Participant: 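Quick one: structure below, then a few questions.
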Protein chains: 2
Amino acid sequence: MQQTLELSSEVLAQRLADSGLRATPQREMIYEMVLKKRDHPTADEVYARVRADMPGISLATVYNCLETLVQCDLVRAVHFERGPTRYCPNLRPHAHFHDEQSGTIHDVNLTPELLAQIRAVLPPGYDARTVEVTFRGKASPLTSSEHRVAGSE
Amino acid sequence: MQQTLELSSEVLAQRLADSGLRATPQREMIYEMVLKKRDHPTADEVYARVRADMPGISLATVYNCLETLVQCDLVRAVHFERGPTRYCPNLRPHAHFHDEQSGTIHDVNLTPELLAQIRAVLPPGYDARTVEVTFRGKASPLTSSEHRVAGSE
DNA sequence: AGTGAGATTTAGAACTATTCCAATGATATA
DNA sequence: TATATCATTGGAATAGTTCTAAATCTCACT
């Protein structure tokens, strides 16, 4: 598990610089927070977590920073159902399993092969930048704790 | 193309009855409207279309009826991005291609085989009721008109 | 046909999530 | 250090949806 071989703050600073943006304490804090707990928080949840360490931050800034992180390809915004946008720090190809009973979300790895097969259904002329796969159903309690990767509170 | 071999109003009445609900003019009208133009309208768009024929209908009723149709499995609610819920009358297994330039949505057929393969990535204990596949990208104009199945205005 | 129970519709208020805005504060560069 | 630009902030504004309470309709039963 090489998580901090490259410091996330450096990755952030680099990506921001690439887009002509500045590294600010708010952006760093929010990026750290989203990476730390690898679930799918809403802006409000991020706001709550960040305020513990940075009490003066505003909700507008949380929205701004999350949007910036999305622009820099450091997190992804997802919309599982109607309701608040959720932010996903997992950048590897994966599907989302939405447990309808608990409301939790589990990441499920996708192989490049399967992704290629899915893309193959597109008629010529369709150029997909991204592919999203979402399951909805129930995960039986016994296995859900073992396989659980991430979920909302 | 056997679209009205079984009258859609009868299908609706049956499904409603199955759930102990009544067939009302508003429910029938909204169901007809959604079937007639097979795109992915928002509640507001349905409201606008329905009002032409039924001027007194309220937006709340449109929301209520659409929700009822979703409960009866006659249409599906989809959320492509932050923004209004869209309603999809296509009940066959299909993916959605979201053209990022035009904002239009195209249905893309999915084979049962591919769906089975996708489901196969789930670890044991995960029981998926539904699978959703969404592409985002651009459809080149030449082919998009040929393959276009449905889109928002 | 009349009546009551419950289902349905309606208008508008309330609510949630998000964006906009104008003022303030921070930063990099000349 | 002045200046231009970028970023943050709080509050107002907006969009989409849900809630609420009253009016209306429908059905089953007389």
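Convention: sequence-line order gives letters A, B, ...; per-chain numbering from 1. All figures in this text were calculated on a predicted structure; none of them were measured in a lab.
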Participant: Under the side chain to side chain donor-acceptor pair (under 3.5 Å) test, which residues partner B:Thr85, sequence neighbours left out?
Facilitator: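 Result, side chain to side chain donor-acceptor pair (under 3.5 Å) vs B:Thr85: B:His79.
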Participant: Round to a whole Å and report the spacing from CZ of A:Arg86 to C1' of C:dT16.
Facilitator: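 From A:Arg86 CZ to C:dT16 C1': 14 Å.
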Participant: Going by atom type alone, with no hydrogens or angles, which donor-acceptor pairs under 3.5 Å involve a side-chain atom of residues 56-63 of chain A and a protein atom two or more places apart or on another chain?
Facilitator:
from: A:Ser58; atom 1: OG; to: A:Ala60; atom 2: N; distance (Å): 3.4
from: A:Ser58; atom 1: OG; to: A:Thr61; atom 2: N; distance (Å): 3.1
from: A:Ser58; atom 1: OG; to: A:Thr61; atom 2: OG1; distance (Å): 3.0

Participant: Measure from NE2 on A:His79 to P on C:dA17 and round the result to the nearest Å.
Facilitator: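 For the pair A:His79 NE2 and C:dA17 P, the rounded distance is 12 Å.
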Participant: At a heavy-atom distance below 4.0 Å, what parts of residues 19-33 of chain A sit against DNA chain D?
Facilitator: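 Contacts with DNA chain D under 4.0 Å: A:Leu21, A:Arg22, A:Thr24, A:Gln26, A:Arg27.
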Participant: Could you tell me how far apart A:Arg82 (CZ) and C:dT18 (C1') are, to the nearest whole angstrom?
Facilitator: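 Taking CZ of A:Arg82 and C1' of C:dT18, I get 12 Å after rounding.
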Participant: With no hydrogens and no angle check, do the side chains of A:Gln14 and A:Glu10 hold a donor and an acceptor under 3.5 Å apart?
Facilitator: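 No, because no side-chain N or O of A:Gln14 sits under 3.5 Å from a partner of the opposite role on A:Glu10.
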Participant: For B:Glu67 and C:dT8, give me the distance from atom CD to atom C1', rounded to whole Å.
Facilitator: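 These atoms are roughly 15 Å apart.
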Participant: At under 4.0 Å between heavy atoms, what does A:Thr42 touch on the DNA or RNA strands: base, sugar-phosphate, or nothing?
Facilitator: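 No contact.
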Participant: Nearest 0.5 Å, what's the CZ-CG distance between B:Phe135 and A:Asp127?
Facilitator: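 Going from CZ on B:Phe135 over to CG on A:Asp127, the span is 11.5 Å.
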Participant: Hey, are A:Asp107 and A:Arg76 close enough for a salt bridge, meaning a charged N less than 4.0 Å from a carboxylate O?
Facilitator: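 Salt bridge: no.
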Participant: Okay, side chain of A:Glu67, backbone of A:Asn64: is any donor-acceptor separation there less than 3.5 Å?
Facilitator: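 Looks like no, no N/O pair under 3.5 Å.
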Participant: Which residue in the set A:His106, A:His40, A:Arg86 passes side chain to side chain donor-acceptor pair (under 3.5 Å) when paired with A:His96?
Facilitator: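 When A:His106, A:His40, A:Arg86 are each tested with A:His96, the side chain to side chain donor-acceptor pair (under 3.5 Å) holds only for A:His40.
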Participant: I'd like the 5' and 3' limits of the part of DNA chain D contacted by chain B, with heavy-atom contacts below 4.0 Å.
Facilitator: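 Counting from the 5' end, contacts occupy D:dG16 to D:dT26.
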Participant: Check residues 114-122 of chain A and write down every donor-acceptor pair under 3.5 Å in which the side-chain atom is one partner and the other belongs to a residue at least two apart or another chain.
Facilitator:
from: A:Gln117; atom 1: OE1; to: B:Gln117; atom 2: NE2; distance (Å): 3.3
from: A:Gln117; atom 1: NE2; to: B:Gln117; atom 2: OE1; distance (Å): 3.3
from: A:Arg119; atom 1: NH1; to: A:Ala128; atom 2: O; distance (Å): 2.7

Participant: For A:Glu32 and A:Ser8, which I'm curious about, is there any donor-acceptor pair between the side chains at under 3.5 Å?
Facilitator: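 Yes, A:Ser8 and A:Glu32 have a side-chain donor paired with an acceptor closer than 3.5 Å.
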Participant: Tell me whether A:Arg136 contacts the main-chain N or O of B:Glu132 through its side chain, where contact means a donor paired with an acceptor under 3.5 Å.
Facilitator: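 Side chain of A:Arg136 to backbone of B:Glu132, a donor-acceptor pair under 3.5 Å: no, none is there.
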Participant: Name every residue in residues 50-64 of chain A that has at least one heavy atom under 4.0 Å from any atom of DNA chain D, in order of residue number, or write none if there are no such residues.
Facilitator: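 Result for residues 50-64 of chain A: A:Gly56, A:Ile57, A:Ser58, A:Ala60, A:Thr61, A:Asn64, sorted by number.
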Participant: Output the rounded distance in Å from CG (B:Leu12) to P (C:dT8).
Facilitator: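 Interatomic distance, CG of B:Leu12 to P of C:dT8: 12 Å.
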Participant: Evaluate the salt bridge (Lys or Arg N to Asp or Glu O under 4.0 Å) criterion for residues A:Lys36 and A:Asp53: first the C-alpha distance (whole Å), next the side-chain angles of each, then the deciding distance (0.1 Å), finally the verdict.
Facilitator: CA-CA 14 Å; A:Lys36 190 152 66 184; A:Asp53 292 17; 5.1 Å; no
Participant: Measure CD/B:Glu81 against P/C:dT18 and give the value in whole Å, please.
Facilitator: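 The distance from CD of B:Glu81 to P of C:dT18 comes to 13 Å, rounded to the nearest Å.
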